[in-house]
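Proteins come first, then strands; the chains are lettered A, B, ... in the order of their sequence lines, and each starts at number 1.
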Amino acid sequence: MKLSNLFFNTLKESPKEAQIISHQLMLRASMIRQHTSGIYTWLPLGFRVLKNIENIVRYNQDKIGCNEMLMSTIQSSDLWKKSGRYPDYGKEMLRIHDRHDNELLYGPTNEEVITDLFKDYVNSYKGLPKYLYHIQWKFRDEIRPRFGVMRGREFLMKDAYSFDLDHKSAVDTYKIFFKCYLQTFLDLGLQPIPVKAATGAIGGDLSHEFQILAKTGESELAYDSKLVSDDLINKSYEEITSMYSASDEMIDRNKSDVVIGRGIEVGHIFNFGIKYSEPLECYVLNNEGKRVNLHMGSYGIGVSRLTAAIIEAYHDENGIKWPFQISPFKLNIISALKNENSIIDQDLYLKLKNKYENISLDDRDLSLGKKIKDSELIGVPWTIIIGKNYEQNKQFEIINRSSGEKLFLSDNEIENFPFEQYTP
RNA sequence: CGGGGAGUAGCUCAGUCUGGUAGAGUGUCUGCUUUGGGAGCAGAAAGUCGCAGGUUCGAAUCCUGUCUCCCCGACCA
């Protein structure tokens, strides 16, 4: 995209409402705009990032045979009354009335809806197990929204739901999602720490949070240093969960040889048995022709929160440092050639655009310094400058956002340069 | 909900104590000069001072009410 067409407006100073670095940078880079407390408009740059994250999450869900669908954001209160959660959810649930004075709500989660759906479509054990998910906006009327999209009231979540015949099978499913989550966060460029969780309001007997390390994280963590390892993904569920990890009040203060840190919770998985299938009468016939309630699990990833979490993990004093796969633009071309008629930058732009889907050309009439600063703030992994070195040696100057390293490449070299091999 | 703070130009803030009719930086616009790290000079546009009521000759400033936002705590992807 040509930046002259991009709707954005970078800020030198950060608006005072922002307290943490990710919130400040998201505002300064024009990724989001606050509409009201805890509710945000996603501007073009932010929306590109959100979609990139969403696609990585989607890819990993699809890989384990999870079916993508889309449920409504508005739900009827009926099912919540059946499950018993209508009174329990309290003020955090946004309750609304339609013109007939029917009680509706803006969905904070979807266990009821999906359980009610599932029971009418699968009636035999032969149709199990089945996994379903969607990526959808949720609303939880948080007591105190804060830190930008980190704890918004309206937020984008991937929520998956599993249906199994019995407990044993449900545990196998749980392990599949567990490994899938590790892979998803690794693909996003993050180092996940799985933490055994208290099951809380949702209930059930098996639950893990996935935390990523960040100084500004809301949870305190204590974990075995071996959990931070490159080949964690190659270990079995049993091996991984045998290593110590805990958050907040679950931490054993007497335990030594653990690493203490802070984390941002970006995922949470639950196995909760028949908690919803029983009241909502979701059952199948087993191989003896008997009715059995399905064993269910739910698996959440905070997609919009991840944008902030990734910035918390990857930034410096000049701005964001996006992992390549997340960045709104993979590389940014800036021309500093004095000859106004030069189209070297546009030629290069067209050439690289064939190879990389999203790249940008800063064709705005601004000083070189301002363009470089914007490129750094927005967090583009590679900035290509066509200037002095091009005029003298026909070389493009390539700046690596993360390391600050500069490379000088010829016309031929730049076409084959492995830009995607970038680590922030 | 309890405790604290703040609403003045797109953004950051001064002015409020001590009432006299709106300021700075940055951004924006115009012109000229610039062109390797948020350029320089000159000029310009831009604010019902959150809202409502009150006191006063006169209110951003004092009083009352109200709304919104931010921070600390309980809740959570």
- Using the P atoms only, state how far B/A14 lies from B/U55, rounded to an integer number of Å. 31 Å
- Is any N or O donor-acceptor pair between the side chain of A/Asn9 and the base of B/G10 shorter than 3.5 Å? no
- Nearest atoms (heavy-atom pairs only) where A/Glu413 meets A/Phe408: OE1-O, 4.2 Å
- Message: With rounding to the nearest 0.5 angstrom, report the CD1 to CG distance, A/Ile326 to A/Leu50.
- Response: 10.5 Å
- Please confirm whether any donor atom in the side chain of A/Thr10 sits under 3.5 Å from an acceptor in the base of B/G38, or the reverse. yes
- Item | Protein-nucleotide distance (A/Glu209, atom CD; B/A77, atom P), rounded to Å | 8 Å
- Message: By the definition side chain to side chain donor-acceptor pair (under 3.5 Å), identify the one residue from A/Gln61, A/His134, A/Gln136 that meets it with A/Lys158.
- Response: A/Gln61
- Taking only side-chain nitrogens and oxygens of A/Gln34, does any of them come within less than 4.0 Å of OP1 or OP2 of B/C70? yes
- Query: Between B/A77 and A/Ser304, is there an OP1 or OP2 to side-chain N/O distance shorter than 4.0 Å?
  - Reply: no
- Message: Looking at the base of B/C76, is there any donor atom on it, or on the side chain of A/Arg151, that sits under 3.5 Å from an acceptor on the other one?
- Response: yes
- Message: Under 4.0 Å from OP1 or OP2 of B/C75: is there any side-chain N or O of A/Arg144 that close?
- Response: no
- Answer with base, sugar-phosphate or nothing: what part of the nucleic acid does A/Arg28 contact at a heavy-atom distance below 4.0 Å? base
- From CD of A/Gln24 across to P of B/C11 the rounded distance in Å is 16 Å
- Query: Atom CG of A/Leu368 and atom P of B/U35: how far apart are they, to the nearest Å?
  - Reply: 12 Å
- Item | Below 4.0 Å: OP1/OP2 of B/C72 and any side-chain N or O of A/Arg146 | yes
- What integer distance in Å separates A/Glu13:CD from B/G25:P? 13 Å
- Has A/Ser14 got a side-chain N or O lying under 4.0 Å from the OP1 or OP2 atom of B/U12? no
- From CZ of A/Arg305 across to P of B/C75 the rounded distance in Å is 14 Å
- Item | RNA chain B: 5'-proximal contact among A/Val303 and A/Pro145 (nearest heavy atom) | A/Pro145
- Please tell me which of A/Ala18 and A/Glu92 maps to the more 5' nucleotide of RNA chain B, matching each residue to the nucleotide holding its nearest heavy atom. A/Ala18
